[in-house]
Amino acid sequence: MKSILVILFLLFELDIIFCQKCDIQTQITVIDPHDNEPLELAEIYVEELNLLQRTNGEGICILDNLCRKEYHLIVYHAFCDPKRIFLELQNDTSITIFMEHHNHDLEEVKVTDSKNIKSSQTQSSIKESTILDNAGTTLGNLLTTISGVSAIKNGNSISKPIIHGLSGNRIGIYNNGVLQAGQQWGIDHAPEMSALSFEKISVIKGTEAISYGGNVQGALVLLEPSAIANDPHLHGIALANYESNGRQWMQHTRIEKAHSRFRWRLNGGIKIGGDRKSPSYYLTNTGNREYNASAYLTRNEQSRSDKFYCSYYNAKLGILRGSHIGNLTDLQHALKRSEPFFTLDNFNYDIQNPYQSVHHVLTKYTWNKEAKNHYLEFNTSAQLNHRLEYDVRRSIRKNQASLSLFIQSYNVEFKDKFSYKKYRFHVGAQSKYNYNYNLPGTGIYPLIPDYGSFTQGVFMQSVLEHGKIKYDIGLRSDYVSHKVKYYSRQNSSTLIERDLCFLNFSGSVGFSSELNKQNLLKLNVGYVQRSPEINELFSNGLHQSVAGLEEGNENLNTETSLKAILSHQVNFMERISLESNLYYNYFRNYIFLQAADEYRLTIRGAFPVFNYKQTNAEIYGADLTGRYEINKNWSSNFIGSFIIANDKVNNLPLVNVPSHNLSTSLQYNISKLKNIRNWISEIGFQYNSKNRVQLSQDFVEVPDEYFLINCKTKFDCRFLGQSANVLIYANNIMNTRYRDYLNRLRYYSDADGINAGIQLKFSF
């Protein structure tokens with residue numbers, strides 16, 4: 001009897017298999033999102049069928065005779081990132097796929113629903129493939145691939161962005177919508193995050209900080225994860241990278257999966273490097289150890305969604321040994337030497353004193369709900385950041401930190417986006433509390449005092465669309481309260497407590513207009529008030545990682561700025577695209593860190609002294625981005641930044657501002673060669689002019705201009721049944737010897753020499 005049942009069951013299954021109707025038709029349309037033009041000869045690969053088809057002149061591909069089952073499609077087009085699509089077919093289906101061509105784009109934002117409120121902002125984005133191609137570098141260096149963005153550095157492993165001449169706390173860096181909280185002040189305090197945890201990075205150069213909050217003055221960096229695909233199978237990427245300079249290797253893995261009620265994604269990576277090398281010598285004690293992980297969980301129910309995000313970052317970063325000098329005579333010699341003190345002749349992975357260690361944890365919960373004409377959003381987040389800095393100390397204090405700062409940050413915000421007649425509105429309220437304290441046991445008076453800071457902000461934005469023109473206006477107010485405990489500079493045993501309060505206002509107006517299909521024009525004008533930060537007011541001691549003594553100024557006033565930015569995007573004959581940004585920024589009470597023309601001997605060594613000062617200033621310039629598609633195989637790109645920054649009171653250039661720079665590249669592309677797709681070979685040229693800062697404003701002469709040559713080759717292929725991408729690159733291939741004005745280690749050493757690398761990325 002049992003045998004009969006088994007036979008009947010098998011016959012039933014076979015009947016299902018052979019009688020299944022495979023009569024479903026699926027139409028796939030592939031479009032360029034910039035001009036909505038169809039993309040011909042895009043390749044559609046169906047994994048389950050091992051089937052490859054191409055789109056026609058209308059960008060359409062028809063897949064016939066598909067069964068009622070699950071399929072995975074991979075869409076390829078020349079010089080676009082491949083896209084993976086999951087389909088669960090039950091009936092005839094039609095889908096549209098947008099394929100992104102360029103690494104960076106001036107993002108045209110169309111107001112199509114109440115969720116989208118931005119209009120006249122100037123925004124450039126870095127897509128996922130560019131982020132992964134630069135896996136071996138820092139976030140600050142990665143952002144320099146956008147015009148108008150430079151990086152201020154302390155060696156190669158520590159950098160942070162400068163946008164239109166502004167850096168530090170004037171730049172808001174947002175980790176999945178949360179203002180990154182840490183000791184962000186200072187050249188050496190790089191953002192405590194990994195760019196590889198995100199699929200998109202956007203830079204907003206205008207005054208669109210209205211809805212974001214923080215003490216931000218007109219420039220934002222937004223790091224955002226992409227939506228998790230509704231695919232019930234496990235997918236992800238695995239990436240490995242090796243670089244010759246520093247013998248740095250890194251690995252990063254991302255996996256994700258969708259379930260019936262929720263979706264999840266995990267990221268994790270490690271980066272380990274040793275001593276970097278200039279063209280002539282090793283940069284002793286410049287190794288790095290970095291570890292990162294993140295988790296992203298989402299749940300969608302009809303008109304409501306819940307999102308939970310958590311990230312962890314840990315880094316140990318060596319500081320050039322030759323930047324810490326024991327006496328005044330040696331310090332003066334070190335600033336003139338062609339080779340730093342303490343330089344060893346051999347490579348080493350060891351990280352000795354001086355070095356810094358950073359731990360950062362961030363958690364965030366987001367609730368969204370669509371209700372009638374409103375899109376509601378509630379966010380709450382918490383961050384913990386612990387920074388340790390180790391000096392060159394003797395005997396038992398060798399392993400004792402000279403700085404141990406712990407900061408807690410808590411944020412709550414509520415936002416509402418809605419429309420009324422022809423207007424779109426975005427309103428919200430935000431609260432932030434930071435508590436920073438120095439952990440005991442360093443044996444040294446702290447550089448930054450203990451403090452608690454509370455900020456309460458409200459904002460409103462509105463957009464009106466009239467024909468081809470969109471008008472927008474934004475208003476914001478922030479109340480900032482600090483409670484500070486610090487030791488008197490006149491009597492180091494006297495503890496002082498102070499309460500400081502600031503009321504800041506910001507506003508912006510602008511418009512954007514599609515003059516025609518080829519021209520987009522935007523104008524934005526903004527007024528921003530920024531209260532002085534704790535480090536600008538109360539710094540008092542050795543900023544160890546940049547080897548300088550910094551002294552704050554308790555009498556600093558609120559800084560105000562008025563900025564105008566005009567943006568123009570134009571396309572010629574579908575082969576030439578140009579983007580230009582012209583800007584002017586005037587500051588009243590501009591706060592800056594100035595060399596004090598003084599060397600000071602302390603029990604921790606001899607160091608140059610820097611003071612915080614205020615002046616009236618102006619910063620203006622132009623950013624240019626262009627692409628010329630010469631023919632189907634050859635293309636050329638360039639980005640340029642021209643900037644002038646003046647101290648209006650003292651009639652001097654502003655310090656720590658980039659010089660003019662220009663980068664251009666020539667690409668050779670082959671869309672398909674046997675089993676290889678998207679072959680790209682590129683040679684790039686980078687030029688930085690000499691900065692205008694005078695010798696009287698610094699301790700040494702400003703470095704000369706320099707010219708670098710870089711190259712790379714990348715292609716897609718299939719390896720062991722998986723999609724793979726191979727990248728081979730080399731930077732500074734001429735091994736040029738130079739010093740960069742924006743690198744504080746220029747006082748003591750040359751910049752990095754030639755650096756070759758190879759990267760292998762699998763998609764599964």
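Note that the coordinates shown come from a computational prediction; the quantities given were computed from them, not determined experimentally.
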For this session: Check the pair Leu331 / Tyr748 against side chain to side chain contact (heavy atoms under 4.5 Å, CB included), numbers first and verdict last.
Result: CA-CA 10 Å; Leu331 175 60; Tyr748 309 100; 4.0 Å; yes

Just to verify, what does [X] make a ring pair (Phe, Tyr, Trp, His ring centres under 6.0 Å) with, not counting sequence neighbours?
{"X": "Tyr312", "answer": "none"}
{"X": "Tyr349", "answer": "Phe347"}
{"X": "Phe538", "answer": "Tyr486"}

Going by distance alone, is a donor N or O of one side chain under 3.5 Å from an acceptor N or O of the other, for [X] and [Y]?
{"X": "Thr253", "Y": "Gln251", "result": "yes"}
{"X": "Asn385", "Y": "Glu192", "result": "yes"}
{"X": "Asn267", "Y": "His252", "result": "yes"}
{"X": "Asp752", "Y": "Asn245", "result": "no"}
{"X": "Gln356", "Y": "Arg387", "result": "yes"}
{"X": "His360", "Y": "Asn314", "result": "no"}
{"X": "Ser202", "Y": "Ser125", "result": "yes"}
{"X": "Tyr296", "Y": "Asn176", "result": "no"}
{"X": "Glu243", "Y": "Tyr729", "result": "yes"}
{"X": "Thr138", "Y": "Asn141", "result": "yes"}
{"X": "Tyr687", "Y": "Glu705", "result": "yes"}
{"X": "His386", "Y": "Ser404", "result": "yes"}
{"X": "Asp698", "Y": "Tyr747", "result": "yes"}
{"X": "Thr625", "Y": "Ser147", "result": "yes"}

Got a donor-acceptor contact below 3.5 angstrom from the [X] side chain to the [Y] backbone?
{"X": "Asn241", "Y": "Met250", "value": "no"}
{"X": "Thr664", "Y": "Ile639", "value": "no"}
{"X": "Thr286", "Y": "Leu320", "value": "no"}
{"X": "Thr145", "Y": "Leu142", "value": "yes"}
{"X": "Asn154", "Y": "Ile158", "value": "no"}
{"X": "Ser689", "Y": "His660", "value": "yes"}
{"X": "Glu128", "Y": "Glu199", "value": "no"}
{"X": "Asn175", "Y": "Met193", "value": "no"}
{"X": "Asn611", "Y": "Ala596", "value": "no"}
{"X": "Arg739", "Y": "Ser749", "value": "yes"}

For this session: Show your reasoning for whether salt bridge (Lys or Arg N to Asp or Glu O under 4.0 Å) applies to Arg600 and Glu551.
Result: CA-CA 12 Å; Arg600 189 176 300 170; Glu551 295 180 345; 2.8 Å; yes

For this session: Apply the test side-chain hydrogen bond (donor to acceptor under 3.5 Å, both in side chains) to residues Thr713 and Ser681: give CA-CA distance (whole Å), side-chain angles for both, the deciding distance (0.1 Å), then the verdict.
Result: CA-CA 4 Å; Thr713 293; Ser681 291; 3.2 Å; yes

Side-chain touch [X]/[Y], heavy atoms, less than 4.5 angstrom:
{"X": "Lys712", "Y": "Ile728", "value": "no"}
{"X": "Arg265", "Y": "Pro225", "value": "yes"}
{"X": "Thr736", "Y": "Ile754", "value": "no"}
{"X": "Ile126", "Y": "Asn134", "value": "no"}
{"X": "His164", "Y": "Asp623", "value": "yes"}
{"X": "Ile448", "Y": "Ile534", "value": "yes"}
{"X": "Val693", "Y": "Ser659", "value": "no"}
{"X": "Ile171", "Y": "Leu220", "value": "no"}

Problem set entry | Basic-acidic side-chain contact under 4.0 Å: Arg746, Asp740 | no

Problem set entry | Phe592 vs Tyr612, ring pair (Phe, Tyr, Trp, His ring centres under 6.0 Å): CA-CA, chis, key distance, verdict | CA-CA 6 Å; Phe592 65 104; Tyr612 281 100; 8.9 Å; no

Exercise. Hey, would you say the Tyr313 and Tyr291 ring centroids sit under 6.0 Å apart?
Worked result: no

Problem set entry | Aromatic ring proximity Phe699/Tyr599, centre distance under 6.0 Å | yes

Do [X]'s NZ or CZ and the ring of [Y] fall within the cation-pi criteria of under 6.0 Å and 45°?
{"X": "Arg321", "Y": "Phe342", "value": "yes"}
{"X": "Lys364", "Y": "Tyr309", "value": "no"}
{"X": "Arg744", "Y": "Phe610", "value": "yes"}
{"X": "Arg337", "Y": "Phe341", "value": "yes"}

Exercise. Would you call the rings of Phe685 and Phe707 parallel, tilted or perpendicular, where under 30° means parallel and over 60° means perpendicular?
Worked result: parallel

Rounded to the nearest 0.5 Å, what's the gap from [atom1] on [X] to [atom2] on [Y]? Could you check?
{"X": "Leu405", "Y": "Leu447", "atom1": "CG", "atom2": "CG", "value": "7.5 Å"}
{"X": "Tyr390", "Y": "Gln400", "atom1": "OH", "atom2": "CD", "value": "9.5 Å"}
{"X": "Leu727", "Y": "Leu760", "atom1": "CG", "atom2": "CG", "value": "10.0 Å"}
{"X": "Ile709", "Y": "Gln686", "atom1": "CD1", "atom2": "CD", "value": "11.0 Å"}
{"X": "Asn691", "Y": "Leu742", "atom1": "CG", "atom2": "CG", "value": "7.0 Å"}
{"X": "Asn743", "Y": "Ile152", "atom1": "CG", "atom2": "CD1", "value": "9.0 Å"}

For this session: For atom CG of Asn346, decide whether the heavy atoms of other residues, nucleotides or ligands shown that lie under 6.0 angstrom number more than 12.
Result: yes

Check [X] against [Y] and note the closest heavy-atom contact, atom names and distance.
{"X": "His324", "Y": "Pro354", "value": "CD2-CG, 3.7 Å"}
{"X": "Ser150", "Y": "Asn661", "value": "OG-ND2, 4.0 Å"}
{"X": "Asn285", "Y": "Asp275", "value": "N-OD1, 2.9 Å"}

For this session: Applying side chain to side chain contact (heavy atoms under 4.5 Å, CB included), run through Leu283 and Asp750 and close with a yes or a no.
Result: CA-CA 9 Å; Leu283 303 172; Asp750 295 333; 6.0 Å; no

